[in-house]
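Since the structure is predicted, the reported quantities are computational estimates derived from the model, not experimental observations. We're numbering straight along the sequence, starting at 1. Any value given below was found using the heavy atoms of this structure, including those in side chains, with hydrogens, waters and symmetry copies removed.
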Amino acid sequence: MGLPPVAEKVRELCGDGTTSMAEVLERLAVICEKPIKLIEQEGSWGTLTAFKLDFEDHFKIYVPPQNSTQYKLHCIYHELGHIYLESFQGHLVLPDLSEEMLKEAAGAKSMSCCSVPNHPVERWVEDFAFEMSKKTRARSSSQADPFL
């Protein structure tokens, strides 16, 4: 089973023009049939840059507040790429999370936050994140996305 072309999935969320993070989240929530919540989370992140939790009735994507907006957007798009590809992912080992991060994960059906170098899914979601960033930043590259 192969991965879908990145350009096809980006076009599905953005159309042929540019869009905003809010519009992308709305469209993906319709596709996934559950809302996606973005959360800036203080705490001990270690080497994590973002992570996604899949609950029965919603997704949560966590990012640390201290990173730049551009980097946060990339990390969010990386996790959104994982949402698209849930059916392609095998079991992920839960990383060494701090106690406060483990509290956030309570009740989740699954979690994605591990980067496996050269894994096809990780390469795909990185390509997806770069392409999505181009599509959403092209609207006004001098301004931060007002959604964050």
Side-chain angles (χ1 to χ4, degrees), residues 1-43 45-95 97 101 104-141 143-148:
M1 191 180 312
L3 297 171
V6 170
E8 177 184 300
K9 291 300 179 186
V10 169
R11 199 168 30 260
E12 185 177 316
L13 288 178
C14 298
D16 292 322
T18 59
T19 190
S20 70
M21 173 68 78
E23 291 168 322
V24 168
L25 288 174
E26 288 173 19
R27 291 174 188 150
L28 188 53
V30 169
I31 291 167
C32 297
E33 299 180 340
K34 57 184 171 179
I36 302 165
K37 301 174 185 177
L38 302 181
I39 300 166
E40 286 189 329
Q41 179 71 37
E42 295 284 345
W45 279 79
T47 60
L48 286 176
T49 56
F51 66 94
K52 171 194 66 70
L53 297 175
D54 180 1
F55 293 90
E56 197 65 42
D57 61 346
H58 66 280
F59 289 101
K60 288 183 179 178
I61 296 176
Y62 289 85
V63 292
Q66 68 272 16
N67 290 329
S68 73
T69 300
Q70 184 175 347
Y71 187 69
K72 282 182 206 176
L73 288 171
H74 177 83
C75 293
I76 291 166
Y77 284 129
H78 178 103
E79 298 306 326
L80 292 175
H82 279 296
I83 291 172
Y84 259 132
L85 299 177
E86 278 300 311
S87 64
F88 296 103
Q89 291 182 343
H91 176 70
L92 293 175
V93 176
L94 199 63
L97 292 176
M101 293 299 181
E104 295 296 328
K109 294 185 335 182
S110 71
M111 176 178 193
S112 110
C113 62
C114 300
S115 178
V116 180
N118 296 319
H119 189 281
V121 168
E122 288 300 315
R123 285 195 310 266
W124 192 95
V125 295
E126 273 299 293
D127 290 346
F128 177 84
F130 281 115
E131 291 304 312
M132 288 299 294
S133 291
K134 288 180 199 173
K135 289 294 257 182
T136 55
R137 244 183 299 139
R139 178 181 278 177
S140 60
S141 58
Q143 296 179 341
D145 191 306
F147 187 70
L148 291 177

Item to check | Full working for salt bridge (Lys or Arg N to Asp or Glu O under 4.0 Å) between Lys9 and Glu12 | outcome: CA-CA 5 Å; Lys9 291 300 179 186; Glu12 185 177 316; 3.3 Å; yes
Next on the checklist: Is it the case that the side chain of Lys34 and the backbone of Asp54 share a donor-acceptor pair, with hydrogens and angles ignored and the cut-off at 3.5 Å?
Outcome noted: no
Checklist entry - Under the 3.5 angstrom rule, does the side chain of Trp124 hit a backbone N or O of Pro4 as a donor-acceptor pair? => result yes
Item to check | Full working for side chain to side chain contact (heavy atoms under 4.5 Å, CB included) between Leu80 and Met132 | outcome: CA-CA 10 Å; Leu80 292 175; Met132 288 299 294; 5.9 Å; no
Item to check | Pair Val10-Lys134, side chain to side chain contact (heavy atoms under 4.5 Å, CB included): steps then yes or no | outcome: CA-CA 10 Å; Val10 169; Lys134 288 180 199 173; over 6 Å; no
What is the distance from atom [atom1] of [X] to atom [atom2] of [Y], rounded to the nearest 0.5 Å?
| X | Y | atom1 | atom2 | answer |
| --- | --- | --- | --- | --- |
| Glu23 | Leu13 | CD | CG | 11.0 Å |
| Ile83 | Leu28 | CD1 | CG | 5.5 Å |
| Ile39 | Leu53 | CD1 | CG | 8.0 Å |
| Glu8 | Phe128 | CD | CZ | 11.5 Å |

Checklist entry - Which atoms form the tightest heavy-atom contact between Ala50 and Cys75, and what is the distance? => result CB-CB, 3.7 Å
Checklist outcome for this item: Looking only at heavy atoms, the pair that brings Cys14 and Val24 closest together is SG-CG2, 4.3 Å
Checklist entry - Does Lys52 make a cation-pi contact with Phe59, if we ask for NZ or CZ under 6.0 Å from the ring centre and within 45° of the axis? => result no
Within a strict 4.5 Å, meaning less than it, do heavy atoms of the [X] and [Y] side chains meet?
| X | Y | answer |
| --- | --- | --- |
| Glu42 | Pro65 | yes |
| Tyr62 | Glu79 | no |
| Val6 | Phe130 | no |
| Glu122 | Val125 | yes |

Item to check | Between His74 and His78: side-chain donor-acceptor atoms closer than 3.5 Å | outcome: no
Checklist entry - Stepwise, does the side chain to side chain contact (heavy atoms under 4.5 Å, CB included) test hold for Met21 with Tyr77? => result CA-CA 9 Å; Met21 173 68 78; Tyr77 284 129; 3.6 Å; yes
